[in-house]
Amino acid sequence: MRAASTGGPLAGIVLAGLALGAALAAQAPPRQPDFRSGVDLIEVDAWVVDAEGAPVPDLTAADFEVAVDGEVRPVVEAQFIPLGPPEPEPTTARAADSFFSSNADQPPGRLVVLAIDEESFLFGEGRHVMRAAADFVDTLDPADRVALLAVPQPGAYFDFTADHDRVRRAVAGLAGRGRPPQGSLNIGLFEAYQIAEYGNAGMEAEVVARVCEEDIGVVACRQLVRAETRQIVNETRRRTEAVRRELESILAGLGEIDGPKALVWISGGFVIDGAGLTLREVERRAAAARTTLYVVMLDEPLVDTARQALAPTPRQDRRMQEEGLLAAASLTGGRLLRAGNNPAPLFGRIRSELTGYYLLGVESHPADAERDSLAIEVAVRQAGARVRAGRTVRLPPETADPGEAERVARMLRSPTAVRELPVRVATYAYRMADEPGMQLLAAVEVGAPGGLSPLTVSYLLRDPARTTGWAETLPVTPRLADSPRGPFLEVTLPIPVEAPGRYSLRFAVIDAAGRRGSVEHPVRLERAPPAPVAAGDLLVADQALSPTGNIRPPIEAQVASGRLLAYTELYAASPRVWERTAIHLEVVREAAGAVLARGAVTLDDRADAAADAAAGASRRRVTGIVGVAHLPPGRYLARVRAVHDATEVTRTLRPFRVAEPAPTASPPPSGPS
């Protein structure tokens with residue numbers, strides 16, 4: 001069933017009230033451990049680093065000591081899970097990787113959330129920290145997925161994405177949105193709590209003597225001080241409560257994702273002093289989400305810029321702001337990092353520490369199953385090594401295996417690829433004749449280890465910045481095809497898109513044997529340029545496989561017959577444009593390379609003329625054939641160029657391969673005469 005949405009229900013998880021499209025991957029990716037928690041073992045994540053913050057990768061189970069509820073338990077297994085980039089494999093350079101995506105090329109990476117508490121530091125402050133955070137995003141590996149949330153919302157937001165550049169630019173543009181206290185007196189945070197919350201008469205007398213003018217009586221001044229200190233305390237608690245709820249909501253969303261995550265929280269402070277402002281729920285949800293909290297704390301200015309006066313209790317105020325952040329970090333096995341004038345090394349250390357962790361298998365007792373969480377203490381027996389782990393571990397509930405719908409939904413929403421079945425996807429975009437939107441054709445190839453099999457296919461097309469998207473799940477009967485890589489199942493799906501923009505297209509597939517695969521593909525649909533002619537995507541195929549001219553969209557065309565069939569659409573503001581426009585169909589090695597082969601093209605205007613006119617554009621279907629038999633086997637680019645008044649105004653490309661011609665069967669030898 002197809003759905004269009006502008007909010008959380010489509011993505012399935014709430015991140016501070018917004019969709020954070022992510023969920024538990026149904027199959028653990030390579031490099032994940034081969035033991036799972038249950039009645040025999042308890043899983044514990046432990047991050048072990050040296051003095052420089054680099055992971056220590058060569059420890060064994062004997063190097064760890066784990067206490068569960070104060071009782072030392074045997075550590076049965078200890079597996080180091082690297083999260084950095086895999087070793088590069090020797091591959092041939094490909095001309096246009098962006099034309100299709102394969103889950104074989106999407107290894108597991110780190111999952112990092114940047115949460116920016118913009119109201120915790122003053123308006124315009126913190127730009128140097130934001131620049132350092134942006135540089136941190138820029139240094140993440142291509143396989144890493146990063147999400148961004150500025151609180152309070154509405155504000156900057158990006159779902160988990162591999163488009164690091166967009167997140168980097170968004171982070172670099174952030175700064176503080178906080179305001180100083182609105183009262184008329186220069187009273188510090190520490191002073192306000194001492195007076196309003198703890199009734200410190202001595203502190204009250206000091207403040208009254210300092211802040212009141214001589215013409216104000218002591219009684220009136222005391223009342224003014226009490227009112228303003230109560231206002232400061234109430235406002236601080238309101239902000240703390242709001243931020244705590246945001247943090248809990250983020251962790252609840254991350255709890256749907258398997259494996260460890262890092263939440264980098266940039267804040268100017270978090271006060272937890274006072275009744276009821278505890279972090280038990282933060283600790284519980286962080287343990288369930290296997291999330292480590294790295295807190296980067298900004299320095300507050302010592303001068304109250306609103307009053308041009310020195311803050312009266314800067315050290316005490318700072319300590320109160322810091323204690324809440326320190327508590328939140330320590331409860332999740334993370335750490336507090338204090339940003340000074342040069343915060344770049346702090347983010348470098350975070351990146352270093354996130355390149356690997358240990359998954360410990362700790363002996364379980366029968367009574368453990370009766371509880372949903374256990375207190376954990378982890379120590380390591382190696383000089384110079386430092387270990388961090390959460391203080392509690394959540395035990396997964398015993399539930400029945402999810403059905404097919406749930407399994408495909410989990411894959412669909414996961415930011416990491418599932419690779420039990422090889423999956424490749426390519427897309428082709430064209431304008432709708434009678435609507436303002438676009439039509440996207442998705443070509444999907446699925447590995448066929450069991451031969452021809454019906455498939456359950458689900459897709460999610462979503463704009464990561466606005467959480468707008470379309471989703472559909474449907475059974476399909478694929479076509480069985482063959483390739484040098486082996487047999488595969490071929491599916492073509494039409495996907496309507498309401499507006500141009502950047503999207504993330506996620507496909508999830510389950511075959512009849514229950515094997516699973518998923519892949520993510522970036523889709524960029526451009527608005528019509530100001531040039532007189534715009535082009536849709538170029539579709540190419542072996543003419544021998546499309547004798548009637550109806551091309552089945554391939555991932556990457558393999559041409560063995562020596563004749564390449566090409567199709568695209570061109571759009572102009574007026575039919576008169578075609579009178580001065582020439583169309584060229586060419587084959588090249590590179591986008592701007594020399595022409596290796598040319599073909600003749602035909603412009604077909606049989607498209608719905610009335611619909612085209614209603615849309616305010618003139619559309620032409622372009623078809624052509626190019627002879628490529630003279631080209632040696634290898635990868636090439638088909639190129640269509642539109643030249644208007646002797647000036648090239650648009651071009652569209654698509655890679656293909658010239659394959660060896662299929663061998664001709666030899667006649668059987670004749671028998672003896």
Side-chain angles (χ1 to χ4, degrees), residues 21-36 79 81-91 94 97-111 140-145 160-162 256-261 356 359 401-402 404-427 442-451 453-460 473 476 478 481 483-491 493 504-522 555-556:
L24 171 65
Q27 180 226 2
R31 302 196 295 168
Q32 288 288 336
D34 55 10
F35 69 93
R36 308 300 301 166
Q79 296 187 24
I81 313 298
L83 296 177
E87 290 296 323
E89 299 177 1
T91 57
R94 297 191 294 179
D97 290 336
S98 61
F99 284 98
F100 69 86
S101 298
S102 167
N103 60 356
D105 300 328
Q106 295 179 353
R110 291 166 287 201
L111 296 176
L140 293 175
D141 301 314
D144 298 335
R145 298 296 188 267
F160 276 120
T161 178
E256 297 292 330
I257 308 171
D258 194 21
K261 282 79 61 180
L359 186 65
D401 289 338
E404 184 175 90
E406 175 61 18
R407 292 164 68 204
V408 76
R410 288 179 177 180
M411 287 191 296
L412 183 69
R413 298 190 303 264
S414 174
T416 57
V418 179
R419 298 190 286 174
E420 188 173 339
L421 279 176
V423 182
R424 301 200 303 169
V425 61
T427 55
V444 186
E445 288 182 0
V446 181
S453 167
L455 299 174
T456 297
V457 176
S458 187
Y459 71 81
L460 173 65
T473 300
V476 298
S483 74
R485 302 182 310 278
F488 64 89
L489 303 174
E490 193 175 51
V491 177
L493 293 174
S504 167
L505 178 61
R506 293 177 186 169
F507 267 96
V509 180
I510 299 182
D511 68 8
R515 291 178 287 251
R516 301 170 299 277
S518 68
V519 65
E520 181 175 350
H521 180 65
I555 299 296
E556 186 178 51

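Once rounded to the nearest 0.5 Å, the distance linking CG of Asp144 with OG1 of Thr416 reads 11.5 Å. Annotation: the span from Phe160 atom CZ to Glu520 atom CD amounts to 11.5 Å, rounded to 0.5 Å. A distance of 9.0 Å separates CZ in Arg419 from OG in Ser102, rounded to the nearest 0.5 Å. Distance check, rounded to the nearest 0.5 Å: CZ of Arg110 to CG of Asp141 gives 4.5 Å.
The two atoms that bring Pro260 and Leu83 nearest to each other are CG-CD1, 4.4 Å, heavy atoms only. Counting all heavy atoms, side chain and backbone alike, Ala143 lies closest to Arg145 at O-NH1, 3.1 Å. Annotation for Ser453 and Ala512: closest pair OG-N, 3.0 Å, computed over non-hydrogen atoms. Residues Val476 and Pro478 share a closest heavy-atom pair of O-CD, 3.4 Å. Heavy atoms only, all atoms of each residue included: Gly451 and Leu489 are closest at O-CD2, 4.0 Å. Nearest approach of His521 to Ser101, heavy atoms of both residues: ND1-OG, 2.7 Å.
Side-chain contact between Phe507 and Leu493: present, with at least one pair of heavy atoms (C-beta onward) separated by less than 4.5 Å.
The only option from Ile510, Asp511, Val444 that meets the side-chain contact (heavy atoms from CB on, under 4.5 Å) definition with Leu455 turns out to be Asp511.
A cation-pi arrangement, defined by a distance under 6.0 Å to the six-membered ring centre and an angle within 45 degrees of its axis, is present between Arg424 and Phe100.
Side chain of Asn103 to main chain of Leu421: a donor-acceptor pair is present (N/O by atom type, distance under 3.5 Å, no hydrogens or angles). The backbone N or O of Val418 sits less than 3.5 Å from a side-chain atom of Ser518, completing a donor-acceptor pair.
Not counting sequence neighbours, the partners of Glu490 by the side chain to side chain contact (heavy atoms under 4.5 Å, CB included) test are Arg479, Phe488, Arg552.
A salt bridge links Glu420 with Arg516; the closest basic N to acidic carboxylate O contact falls under 4.0 Å.
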